[in-house]
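Everything below concerns the one structure shown next.
Note that the structure is a prediction, hence the values are computed from the model and not measured. Order of appearance sets the numbers: ligands from 1, and atoms from 1 within every ligand.
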Amino acid sequence: MARVVSFRPRRDALTANQQLAWDRRWPQWGAVVAPYDHGPGGIGAGVPPEGQVVPERLDTAAWFGRSAPLVLEVGFGTGTATAVMAAAEPDVDVLAVEVYRPGIAQLFQHCERARTTNVRALHGDALTVLRHLLGPGSLTAVRVFFPDPWPKRKHLPRRLLQPAMVGLMASRLRPGGVLHVATDIAGYAEQIARTGDAEPLLARHEGPAPVSLERPVTKFEGRAVDADVAITDLVWGRLQA
Ligand SMILES: C[S@@+](CC[C@H](N)C(=O)[O-])C[C@H]1O[C@@H](n2cnc3c(N)ncnc32)[C@H](O)[C@@H]1O
């Protein structure tokens with residue numbers, strides 16, 4: 001039985017301009033996350049299904065050409081916030097993972113416009129990235145902005161921020177690193193808050209953070225604000241193990 005995934009199938013075709021941005025940037029700034037069957041439970045016990053090879057750890061220092069605090073952004077959509085935040089923090093490296101190919105091309109366009117070179121894009125499932133491509137304690141921050149809400153009761157298992165996923169994210173943070181989540185769905189915010197508060201490696205963050213917690217208001221968020229929908233930002237800090 002296949003794992004229930006947190007993303008929905010979407011159109012994969014690129015516009016002509018997106019294709020040009022892809023052709024220009026993908027060779028240096030992009031990489032594919034090999035599809036990996038995590039089994040029905042999703043996070044699993046780490047045993048590769050028969051015939052599958054466990055993906056190797058990513059050498060981020062080689063890819064970025066330097067060692068710098070590393071931020072993972074999960075599900076960046078079209079990358080509007082990603083590029084703005086990366087440009088504002090040139091000393092931080094941003095690894096951005098998305099299953100939506102046109103979004104990756106748009107991220108490249110935003111980065112080119114912002115003249116920022118500290119973003120790399122992974123095309124694939126964040127679960128594989130967190131479990132296999134990144135080692136424990138390798139991240140200074142994890143950002144998850146407006147994850148798909150999956151509001152129908154039968155779809156709730158599809159929500160990205162389940163306890164096992166939050167635990168995995170926490171394990172990839174270094175002590176003092178932060179998990180920053182934003183959502184415009186009240187019920188999801190409550191669920192995420194409960195999940196983060198129950199994770200033993202995390203505590204609510206207070207005081208200065210190792211990376212900026214300032215998010216630009218995207219078009220998507222602006223529409224929610226205009227409709228008087230409350231936006232919830234939640235931040236936890238990773239404790240010493
Ligand atoms: C509602 S959109 C939000 C996009 C963006 N963060 C924003 O604030 O506008 C959620 C995004 O997460 C992506 N996504 C969901 N699950 C994912 C996963 N497991 N790995 C990578 N991307 C994922 C979806 O493809 C989608 O683009």
Side-chain angles (χ1 to χ4, degrees), residues 2-14 18 30-39 41-44 55 58 71-86 94-111 119-134 139 141-152 155-162 164-169 172 179-189 192 213-227 229 231-234:
R3 173 172 77 94
V4 175
V5 293
S6 58
F7 43 88
R8 54 189 97 229
R10 284 156 92 186
R11 176 187 64 85
D12 211 33
L14 305 183
Q18 287 169 0
V32 170
V33 180
Y36 187 82
D37 178 6
H38 292 273
I43 306 290
L58 191 62
V71 173
L72 178 73
E73 182 174 347
V74 173
F76 57 82
T78 57
T80 322
T82 318
V84 171
M85 294 177 86
V94 179
L95 195 56
V97 54
E98 180 48 78
V99 287
Y100 177 54
R101 218 165 72 92
I104 295 177
Q106 289 174 81
L107 170 70
F108 293 158
Q109 292 173 316
H110 291 307
C111 289
V119 179
R120 299 291 180 272
L122 289 169
H123 182 207
D125 187 349
L127 174 58
T128 309
V129 174
L130 281 155
R131 260 195 79 185
H132 297 295
L133 272 58
L134 298 172
L139 297 172
V142 178
R143 292 175 175 147
V144 191
F145 300 151
F146 304 98
D148 291 306
W150 295 111
K152 285 190 186 162
H155 288 145
L156 292 185
R158 284 183 173 267
R159 284 185 170 176
L160 180 76
L161 293 166
Q162 311 280 345
M165 176 59 91
V166 170
L168 181 61
M169 289 173 170
R172 269 42 190 163
L179 169 62
H180 182 182
V181 181
T183 180
D184 58 333
I185 308 293
Y188 199 6
I192 297 166
L213 301 176
E214 295 282 316
R215 291 184 299 102
V217 177
T218 58
K219 211 190 315 178
F220 169 79
E221 182 174 353
R223 280 200 294 266
V225 171
D226 289 346
V229 174
I231 307 293
T232 305
D233 277 83
L234 297 156

(message) Arg172: which residues meet the side-chain hydrogen bond (donor to acceptor under 3.5 Å, both in side chains) condition with it, sequence neighbours left out?
(response) none
(request) Could you tell me whether the side chain of Glu98 and the main chain of Phe76 form a donor-acceptor pair under 3.5 Å? (result) yes
(message) I'd like to know if the side chain of Arg159 reaches the main chain of Pro149, judged simply by a donor and an acceptor atom lying under 3.5 Å from each other, with no hydrogens or angles considered.
(response) yes
Tabulating one pair per line, provide the atom names and distances (0.1 Å) for every N/O atom of ligand 1 that is less than 3.5 Å from a protein N/O atom.
unit_1	atom_1	unit_2	atom_2	d
ligand 1	6 (N)	Gly75	O	2.8
ligand 1	6 (N)	Phe145	O	2.7
ligand 1	8 (O)	Phe145	O	3.3
ligand 1	16 (N)	Ser6	OG	2.8
ligand 1	19 (N)	Ser6	OG	3.0
ligand 1	19 (N)	Asp125	OD1	2.9
ligand 1	20 (N)	Ala126	N	2.9
ligand 1	25 (O)	Arg10	NH1	3.4
ligand 1	25 (O)	Glu98	OE2	2.6
ligand 1	27 (O)	Arg10	NH1	3.0
ligand 1	27 (O)	Glu98	OE1	2.8
ligand 1	27 (O)	Glu98	OE2	3.2

(request) Taking Gln106 for its side chain and Gly77 for its backbone only, find out whether a donor-acceptor pair lies under 3.5 Å. (result) no
(request) Would you check if the side chain of Arg158 reaches a backbone N or O of Val5 as a donor-acceptor pair within less than 3.5 Å? (result) yes
(request) For Tyr100 and Phe7, indicate whether the former's side chain and the latter's backbone hold a donor-acceptor pair under 3.5 Å. (result) no
